[in-house]
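Structure first, commentary second.
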Amino acid sequence: MGGVTAPLTSSRLPEVAGSSSIRHVMVVGGTLRDWADLTDPQWSDRVDELGAVGASAHVSWLTLRPYEPGDEHIALAAWHRQVGVCCVIVDPSGDGRQRFADAMGRLDPAVEVNEVSVAAALYEPADSEPDLVVVLGPSTHLPPSLVWELAYAELVFIPVDWSELCGRHLLAAMDDFAGRRRRFGGLDE
């Protein structure tokens with residue numbers, strides 16, 4: 001899947017079948033070096049396009065996270081922007097273990113440590129765990145940036161590079177998700 005793909009405009013966004021069940025989507029791809037190579041206008045265009053696809057599917061939260069840290073000497077700040085009904089979160093945490101440890105350190109000692117409080121610390125400002133994690137790359141490798149997400153999220157692997165990611169890829173992943181029967185960690189009998 002290479003080449004240049006025209007961005008989806010809000011007037012050309014199709015509805016995703018069964019998309020109302022998707023509340024939070026996470027896209028994992030690239031390294032911090034790949035992320036740092038994007039200019040501010042490129043980031044703005046990417047967030048707007050992916051956010052518009054998320055909004056068309058009534059997704060409340062869309063989190064972008066690198067596949068792995070890559071160059072740890074690159075410091076990028078987390079930020080988020082509202083695109084219609086979808087809040088796009090840019091989270092440069094490429095090390096899932098460190099992100100988990102940092103989240104535990106932010107927990108209020110007066111709050112009971114349970115799945116809800118851990119998820120709240122890990123995904124803020126999102127208020128829910130991801131329903132769908134879209135991984136850019138081969139299905140033979142899980143990103144080290146995912147730790148907690150692997151418990152209940154559905155995974156869709158898309159064999160594209162971070163530089164090629166566009167709204168059509170996100171739309172295809174959400175269509176794949178819509179056709180699945182979620183088992184939330186359970187096995188088929």
### side-chain contact (heavy atoms from CB on, under 4.5 Å) between V88 and L50, worked out
CA-CA 8 Å; V88 180; L50 297 176; 5.7 Å; no
### Message
With rounding to the nearest 0.5 angstrom, report the CD to CD1 distance, E124 to I89.
### Response
9.5 Å
### Query
Hey, does the side chain of E49 reach the backbone of G167 with a donor-acceptor pair shorter than 3.5 angstrom?
yes
### Query
At their closest point, which heavy atom of P66 faces which heavy atom of V28, and how far apart are they?
O-CG1, 3.5 Å
### Task
Report yes or no: do H24 and S60 form a side-chain donor-acceptor pair below 3.5 Å?
no
### Query
Is Y123 reachable from M104 through a run of I, L, V, M, F, W or Y residues, each pair having side-chain heavy atoms under 4.5 Å apart?
yes
#### Entry: Worked check of side-chain contact (heavy atoms from CB on, under 4.5 Å) between V83 and D48
CA-CA 6 Å; V83 180; D48 287 345; 4.2 Å; yes
#### Entry: Heavy-atom pair with the smallest gap, counting every atom of A121 and L107
CB-CD2, 3.8 Å
### Query
What about L76 and L136, same hydrophobic cluster or not, with Ile/Leu/Val/Met/Phe/Trp/Tyr joined at side-chain heavy-atom distances under 4.5 Å?
yes
### Derivation of the side-chain contact (heavy atoms from CB on, under 4.5 Å) call for V134 and M174
CA-CA 9 Å; V134 180; M174 290 189 303; over 6 Å; no
#### Entry: Atom CG of N114: over 12 foreign heavy atoms under 6.0 Å
yes
### Task
Give a yes or no on this: more than 12 heavy atoms of other residues, nucleotides or ligands lie within 6.0 Å of atom CZ of R106.
yes
### Query
Looking only at heavy atoms, what is the nearest atom pair of Y67 and P144, with distance?
O-CD, 3.3 Å
### Task
Determine yes or no for a side-chain-to-main-chain donor-acceptor pair under 3.5 angstrom, with S117 supplying the side chain and E112 the backbone.
yes
### Query
What's the spacing between L62 CG and R23 CZ if we round to 0.5 Å?
13.5 Å
### Query
If you round to the nearest 0.5 Å, how far is CE of M26 from CG of L64?
9.5 Å
## Note on the structure
Value for OG (S44) from CG (L38), rounded to nearest 0.5 Å, stands at 11.5 Å
### Task
Please report the shortest heavy-atom distance between A55 and C86, naming the atom on each side.
N-CB, 3.7 Å
### Query
Regarding R65 and S145, is there a side-chain donor-to-acceptor distance under 3.5 Å anywhere?
no
### Salt-bridge contact R99-D95 (side-chain N to carboxylate O under 4.0 Å)
no
### Query
Are V113 and V111 connected in the hydrophobic side-chain network, where two residues link if heavy atoms are under 4.5 Å apart?
no
#### Entry: Donor-acceptor contact below 3.5 Å, side chain S56 vs main chain V53
yes
### Message
Looking at every non-hydrogen atom in both residues, tell me the closest pair between Q82 and C87 and how far apart they are.
### Response
OE1-CB, 3.4 Å
### Query
How many angstroms lie between CG in L171 and SG in C166, if you round to the nearest 0.5 Å?
9.5 Å
### Query
Linking I/L/V/M/F/W/Y whenever their side-chain heavy atoms sit closer than 4.5 Å, directly or via other members, would V25 and W79 fall into one cluster?
yes
### Query
Please walk me through it: do V133 and F177 pass side-chain contact (heavy atoms from CB on, under 4.5 Å)?
CA-CA 10 Å; V133 176; F177 173 89; over 6 Å; no
## Note on the structure
CG (L32) and CG (D34) are apart, to the nearest 0.5 Å, by 9.0 Å
### Message
Quiz question: by atom type and distance under 3.5 Å, do the side chains of D127 and W61 form a donor-acceptor pair?
### Response
yes
### Message
So that I know where these two stand, are W162 and W43 an aromatic pair - ring centroids less than 6.0 Å apart?
### Response
yes
### Query
Can you check salt bridge (Lys or Arg N to Asp or Glu O under 4.0 Å) on D37 and R33, steps first, answer last?
CA-CA 6 Å; D37 288 345; R33 168 57 53 208; 3.7 Å; yes
### Message
Would you say that L142 contacts V135 through its side chain, given a criterion of any heavy-atom pair below 4.5 Å between the two side chains?
### Response
no
### Query
Got T63 and V27 here, is their nearest side-chain heavy-atom distance under 4.5 Å?
no
### Query
Is there a donor-acceptor pair under 3.5 Å between the side chain of D161 and the backbone N or O of E164?
no
### Heavy-atom pair of closest approach, residues F100 and V118
CE1-CG1, 3.8 Å
